[in-house]
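Working notes for the structure below.
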Amino acid sequence: MSVRVRFAPSPTGRLHIGSARTALFNWLFARHEKGAFVLRIEDTDRERSRKEYLDTILSDLVWLGLTWDEGPYYQSLRLSLYQEFARSLLDSGKAYYCYCSPAELTLKKEKAILEKQPVKYDGTCRMLSLKQKSAFESEGRKPVLRFLCPENVKLSVEDAVRGKVDFSSEVLDDFVIVKSDGFPVYNFACVIDDHDLKISHVLRGEEHLSNTPRQLLLYRAFDWIPPIFGHLSIILDENRKKLSKREGSTFLDEFREAGFLPEALLNFLALLGWAPKENKEKLPLEDMIQRFALNGIIKSPAIFDFKKLEWMNSQYIRELTPEQFTEAVIPFLKKAGFLPEKELKEEKNRILPFISLYQERIKKLKDFPEQARFFFLEEIDLDLSVLKKWDKPELIFLFEELLGKIRNSSFRSEDLEKAVREFADLKGIKAGDLIHPLRYFLTGQENSPGIFDVMVSLGKEKAILRIEKGVLTLKRLMNPA
RNA sequence: GGCCCUGUCGUCUAGCGGUACAAGGACGCCACCCUUUCAAGGUGGAGGUCGCGGGUUCGAAUCCCGCCAGGGUCACCA
């Protein structure tokens, strides 16, 4: 039997990082088994489904590289399929119309909670007479279709990640399968589609584990063989709670905007809840596909470790070629306003050497414009409280003399370094005593890549101008005229 | 509350009854080295009574039972 898995997001929100992991696992499994990865859009909630969410989910999947072999199938376009099967359940007496209004239902539910009774539908509409029905109809009530839950049934799943899980039908009630607007409810559409699309394995989040018995009941009612289920543990935040919006980074687009590389994100996500036999950390996509196995999936929930993700990202960043790294960084520069929307080829070549200085220094692409602003800004501000460290008169003279040497230098990194070091030797001071203020004059920051490389990248004219300005500012600081 | 899932260093995990597991790796943390700063890199270190309590066994992180803790779920949402 060939492996067919599906990822079935609902377009009621952006792609959650946990959903992305679910998609990854399905995708990896499909690739490993040379099966099919199908995409299905569960858009049966007419109130909350939005086109814009659909668009972001699709583009996020493409960005990640988790492309699908089949679909997307839209549930909203397959209504007749669900109606057909709803009809058959109705005809065989396994489902019935229910006219209870939402208001009546919530009333009953609240009462049940007050009386500490289990909250279950009480079956009011199970045996409605034709007369009662038409009375409700003439009231204008639109019925839902409920599944008639059999009593005392033992249900169990052989879960691919958890092993055998038992349920009893006692906890179940006559659940709704078709809403009053004629749209199917999740549990119903899901079963029909998984069967219709010949899905062999359903890998989904653990929050669906408690839906499984209901779905099992449906499979039984249709006399279908259920797929193999595998429930992936939840991803938790630092507080051991389901990763929530409040924590900041929970949606995929946020990671993209922060400058995480898709390969790094995928690698990190794969390790959150799955471990290859050899316990390796860094696994490029191909290795993951090769090693992926259902029995390596971890049952316990995992806490999202942002620091480790950053580390992983830095590992992938340094594997890029300088050209790739530059290309990757450019959108972030544009966004920061440091580069025009239409950058020129020459411009790219000009900044490439400078950008390369940061390849092993940043964790996220977004770090670059933040750390390297001084390069793109025409003017930089110098903070007096920092300059104070160097308010020694002799330093001014030294710098004025050094400036002369720099002006006459070939302006190559090694030559500049040699000039500064020799000058320091000559004057009997430590090279660092010159380098630190120099760095601050040039960048307005107290740390940066190697300062001689920075000077070269800045260009002779600009570099000298900044040093002159720095010395001047320092001078004014000492003699406020 | 009912039902269900889970429980190895701060975090992700290896481990599946016994060959150095008096628990290994990775991230993070600390120290030192390197060094022009910060990173990176190198070296070393701290950190776990394997949730707790009972069994089973010559032997248990590994098997069984109970407890506890955390999480998920109880919609005309998915």
Side-chain angles (χ1 to χ4, degrees), chain A residues 8-13 19 42-45 47-49 75 98 100-102 105-106 109 113 116-120 142-146 159 161-163 165-168 170-173 175-187 189-190 204-213 231 233-234 236 238-242 268 271-282 298-312 314 318 358-363 367 371 417 420-421 424 430-436 438-440 443 445-452:
Chain A
S10 141
T12 53
S19 306
E42 308 216 317
D43 54 353
T44 52
D45 185 336
E47 306 264 301
R48 298 192 301 150
S49 291
Q75 290 189 323
C98 166
C100 297
S101 71
L105 258 17
T106 40
K109 195 203 268 180
I113 291 169
K116 293 205 159 84
Q117 292 297 108
V119 186
K120 286 167 72 166
K142 288 251 189 291
V144 298
L145 197 62
R146 278 184 191 275
D159 190 282
V161 348
R162 266 150 236 285
V165 183
D166 295 312
F167 307 93
S168 153
E170 255 131 81
V171 294
L172 270 20
D173 65 354
F175 55 93
V176 174
I177 55 178
V178 179
K179 306 178 210 174
S180 55
D181 64 3
F183 274 62
V185 132
Y186 165 73
N187 282 125
C190 177
R204 61 184 8 169
E206 196 193 314
E207 63 268 27
H208 289 293
L209 190 52
S210 51
N211 278 320
T212 311
H231 293 273
S233 59
I234 310 272
L236 269 25
E238 300 84 344
N239 305 315
R240 301 200 154 268
K241 290 260 162 7
K242 200 171 170 180
F268 173 76
L271 259 28
L272 258 197
W274 173 72
K277 280 260 174 291
E278 325 88 300
N279 200 18
K280 274 180 69 172
E281 300 292 328
K282 189 140 171 297
I298 285 121
K299 300 188 273 194
S300 53
I303 293 172
F304 195 93
D305 184 354
F306 203 78
K307 284 258 175 62
K308 187 161 182 177
L309 205 213
E310 287 192 326
W311 167 80
M312 185 69 80
S314 69
R318 64 187 52 189
Y358 284 81
Q359 192 161 351
E360 297 202 346
R361 307 175 66 85
I362 62 168
K363 293 188 157 52
D367 295 340
Q371 289 181 26
E417 177 160 10
V420 170
R421 288 192 187 283
K430 284 188 288 182
D433 292 340
L434 294 170
I435 286 170
H436 297 305
L438 210 47
R439 165 172 292 114
Y440 193 65
T443 68
Q445 296 167 191
E446 289 187 84
N447 44 52
S448 75
I451 198 60
F452 304 108

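Proteins get letters first, then strands, A, B, ... in listed order; numbering begins at 1 in each.
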Between [N] and [M], how far is it from one [atom1] atom to the other, in whole Å?
{"N": "A46(B)", "M": "G10(B)", "atom1": "C1'", "result": "12 Å"}
{"N": "C64(B)", "M": "A23(B)", "atom1": "P", "result": "25 Å"}
{"N": "G41(B)", "M": "C27(B)", "atom1": "P", "result": "9 Å"}
{"N": "G59(B)", "M": "G17(B)", "atom1": "C1'", "result": "8 Å"}
{"N": "G47(B)", "M": "G25(B)", "atom1": "C1'", "result": "15 Å"}
{"N": "G1(B)", "M": "A60(B)", "atom1": "C1'", "result": "36 Å"}
{"N": "U11(B)", "M": "C76(B)", "atom1": "P", "result": "38 Å"}
{"N": "A39(B)", "M": "G48(B)", "atom1": "P", "result": "27 Å"}

Look through every strand shown and name the nucleotide pairing with [N] as Watson-Crick or G-U wobble, where both distances are under 3.5 Å.
{"N": "G70(B)", "value": "C5(B)"}
{"N": "U19(B)", "value": "none"}
{"N": "U35(B)", "value": "none"}
{"N": "C50(B)", "value": "none"}
{"N": "C27(B)", "value": "G10(B)"}
{"N": "U62(B)", "value": "none"}

Residues in side-chain contact (heavy atoms from CB on, under 4.5 Å) contact with Lys299(A), at least two apart in sequence or another chain: Val161(A), Arg162(A)
Pairing residues for [X] by the ring pair (Phe, Tyr, Trp, His ring centres under 6.0 Å) criterion, not counting sequence neighbours:
{"X": "Phe304(A)", "value": "Phe255(A), Phe268(A)"}
{"X": "His208(A)", "value": "Tyr186(A)"}
{"X": "Phe167(A)", "value": "none"}

For a quick check of understanding: with a heavy-atom distance under 4.0 Å over all strands, which category does [X] fall into, base, sugar-phosphate or nothing?
{"X": "Phe175(A)", "value": "nothing"}
{"X": "Gly273(A)", "value": "sugar-phosphate"}
{"X": "Ile451(A)", "value": "base"}
{"X": "Ala431(A)", "value": "nothing"}
{"X": "Arg421(A)", "value": "base"}

When the distance from [atom1] of [X] to [atom2] of [N] is rounded to whole Å, what number comes out?
{"X": "Lys308(A)", "N": "C9(B)", "atom1": "NZ", "atom2": "P", "answer": "14 Å"}
{"X": "Leu309(A)", "N": "A26(B)", "atom1": "CG", "atom2": "P", "answer": "19 Å"}
{"X": "Trp311(A)", "N": "G41(B)", "atom1": "CH2", "atom2": "C1'", "answer": "14 Å"}
{"X": "Lys282(A)", "N": "A26(B)", "atom1": "NZ", "atom2": "C1'", "answer": "13 Å"}
{"X": "Phe268(A)", "N": "C12(B)", "atom1": "CZ", "atom2": "P", "answer": "10 Å"}
{"X": "Arg439(A)", "N": "U36(B)", "atom1": "CZ", "atom2": "P", "answer": "10 Å"}
{"X": "Lys430(A)", "N": "U37(B)", "atom1": "NZ", "atom2": "P", "answer": "10 Å"}
{"X": "Asp305(A)", "N": "C9(B)", "atom1": "CG", "atom2": "C1'", "answer": "14 Å"}

Could you check which of [options] has an atom nearest any side-chain atom of [X]?
{"X": "His436(A)", "options": "C4(B), A40(B), U37(B)", "answer": "U37(B)"}
{"X": "Ser300(A)", "options": "G41(B), A39(B), G7(B)", "answer": "G7(B)"}
{"X": "Asn447(A)", "options": "U6(B), U37(B), C4(B)", "answer": "U37(B)"}

Write down the protein N/O and nucleotide N/O pairs, taken from nucleotides 14-18 of chain B, whose separation is under 3.5 Å; answer none if there are no such pairs.
from, atom 1, to, atom 2, distance (Å)
A14(B), O4', Asn279(A), ND2, 3.4

Ionic contact status for Glu281(A) with Lys308(A), cut-off 4.0 Å: yes
Of Gly432(A) and Phe167(A), the one whose closest RNA chain B nucleotide lies more 5': Phe167(A)
Nearest-nucleotide comparison on RNA chain B, the residue closer to the 5′ end among Leu272(A) and Phe452(A): Leu272(A)
Please give me the minimum heavy-atom distance between [X] and [Y], naming the atom from each residue.
{"X": "Asn447(A)", "Y": "Arg439(A)", "answer": "CA-CD, 3.6 Å"}
{"X": "Pro184(A)", "Y": "Thr44(A)", "answer": "O-CB, 3.5 Å"}
{"X": "His231(A)", "Y": "Gly205(A)", "answer": "ND1-O, 3.5 Å"}
{"X": "Val176(A)", "Y": "Val178(A)", "answer": "CG1-O, 3.4 Å"}

For [Y], does its backbone N or O pair with a side-chain atom of [X] as donor and acceptor, under 3.5 Å?
{"X": "Asp43(A)", "Y": "Gln75(A)", "result": "yes"}
{"X": "Asn239(A)", "Y": "Lys241(A)", "result": "no"}
{"X": "Lys120(A)", "Y": "Glu170(A)", "result": "yes"}

Heavy-atom protein contacts under 4.0 Å, nucleotides 68-78 of chain B, coded B base, S sugar-phosphate only, - none: --SBSS-SBBB
Under-3.5 Å donor-acceptor pair between Glu360(A) side chain and G41(B) base: no
